[in-house]
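Single-structure report; data block below.
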Amino acid sequence: MRVRVLELLQDGPRAVRDLLHEIDVEPSNLSQQLAVLRRAGLVASSREGALVIYMLSTTDVADLLAAGRRILASVLDDRDGLREQLRLEGTSR
C-alpha cells in the first residue's frame, strides 16, 4: 500500500480523500501508512482548510521508485530467461 501511495503522489499532491478513492482501504489504515511514510521522510503534508494534502517530500523519491521498477524488471527478465533456458534443456533430454 505504501508503494501505491508513493506512485499516486508522483503525479502531484493529493488530498487524503482522493487517495482513499484510488486505494480500497479503511481510512484509519491509510492514515497509519501515511504516518509511516511521513516519519520516513518520503512524504510531506499540508493543510488546505479541512483537507490534508500529501506530496512526495522530494523528487528523489520518484527517482527511487523508477530505479526500483527497473531493478524488478531486470530480475523478472533474468528469471524468465532462466525459466526458458531450463525448459529448453529439459526438452532436449
Side-chain angles (χ1 to χ4, degrees):
M1 178 188 331
R2 292 178 203 154
V3 172
R4 180 69 180 131
V5 168
L6 294 173
E7 288 176 341
L8 290 170
L9 293 178
Q10 288 183 103
D11 296 332
R14 291 193 181 221
V16 172
R17 69 173 183 216
D18 297 334
L19 293 171
L20 282 168
H21 180 72
E22 294 287 334
I23 304 171
D24 186 27
V25 65
E26 293 295 320
S28 60
N29 195 351
L30 179 60
S31 178
Q32 290 173 349
Q33 301 308 315
L34 287 166
V36 169
L37 292 170
R38 199 173 48 248
R39 283 192 303 272
L42 298 175
V43 301
S45 63
S46 65
R47 280 202 175 270
E48 291 182 12
L51 294 177
V52 178
I53 308 295
Y54 281 87
M55 71 277 315
L56 296 179
S57 60
T58 173
T59 57
D60 291 338
V61 176
D63 295 341
L64 177 63
L65 289 169
R69 281 192 292 276
R70 284 192 307 273
I71 291 166
L72 287 174
S74 175
V75 167
L76 291 175
D77 285 346
D78 289 348
R79 186 196 68 196
D80 291 342
L82 178 59
R83 182 184 304 142
E84 181 63 16
Q85 181 182 355
L86 291 172
R87 186 187 68 76
L88 291 173
E89 288 174 4
T91 59
S92 66
R93 291 182 185 176

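Numbers for residues simply follow the sequence, beginning at 1.
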Using 0.5 Å steps for rounding, measure from the [atom1] atom of [X] to the [atom2] atom of [Y].
{"X": "Leu8", "Y": "Ile23", "atom1": "CG", "atom2": "CD1", "result": "5.0 Å"}
{"X": "Leu42", "Y": "Asp60", "atom1": "CG", "atom2": "CG", "result": "10.5 Å"}
{"X": "Ser45", "Y": "Leu51", "atom1": "OG", "atom2": "CG", "result": "12.5 Å"}

Same cluster or not: are [X] and [Y] linked, directly or through other Ile, Leu, Val, Met, Phe, Trp or Tyr residues, by side-chain heavy atoms under 4.5 angstrom apart?
{"X": "Val5", "Y": "Val36", "answer": "no"}
{"X": "Leu65", "Y": "Met55", "answer": "no"}
{"X": "Leu64", "Y": "Val43", "answer": "no"}
{"X": "Val16", "Y": "Leu56", "answer": "yes"}

Inspect the surroundings of CG in Asp63 and state if more than 12 heavy atoms from other residues, nucleotides or ligands are less than 6.0 Å away. yes
Close side-chain approach of Glu7 to Arg69, heavy-atom, < 4.5 Å: yes
What pair of heavy atoms forms the shortest contact from Pro13 to Ile53, and how long is it? CB-CG2, 3.6 Å
Minimum-distance pair of heavy atoms, taken over all atoms of Ser57 and Gly41: OG-O, 2.5 Å
In chain order, what residues pass the side-chain hydrogen bond (donor to acceptor under 3.5 Å, both in side chains) check against Arg38, with sequence neighbours excluded? Tyr54
The single option from Leu34, Asn29, Leu19 that satisfies side-chain contact (heavy atoms from CB on, under 4.5 Å) with Met1 is Asn29
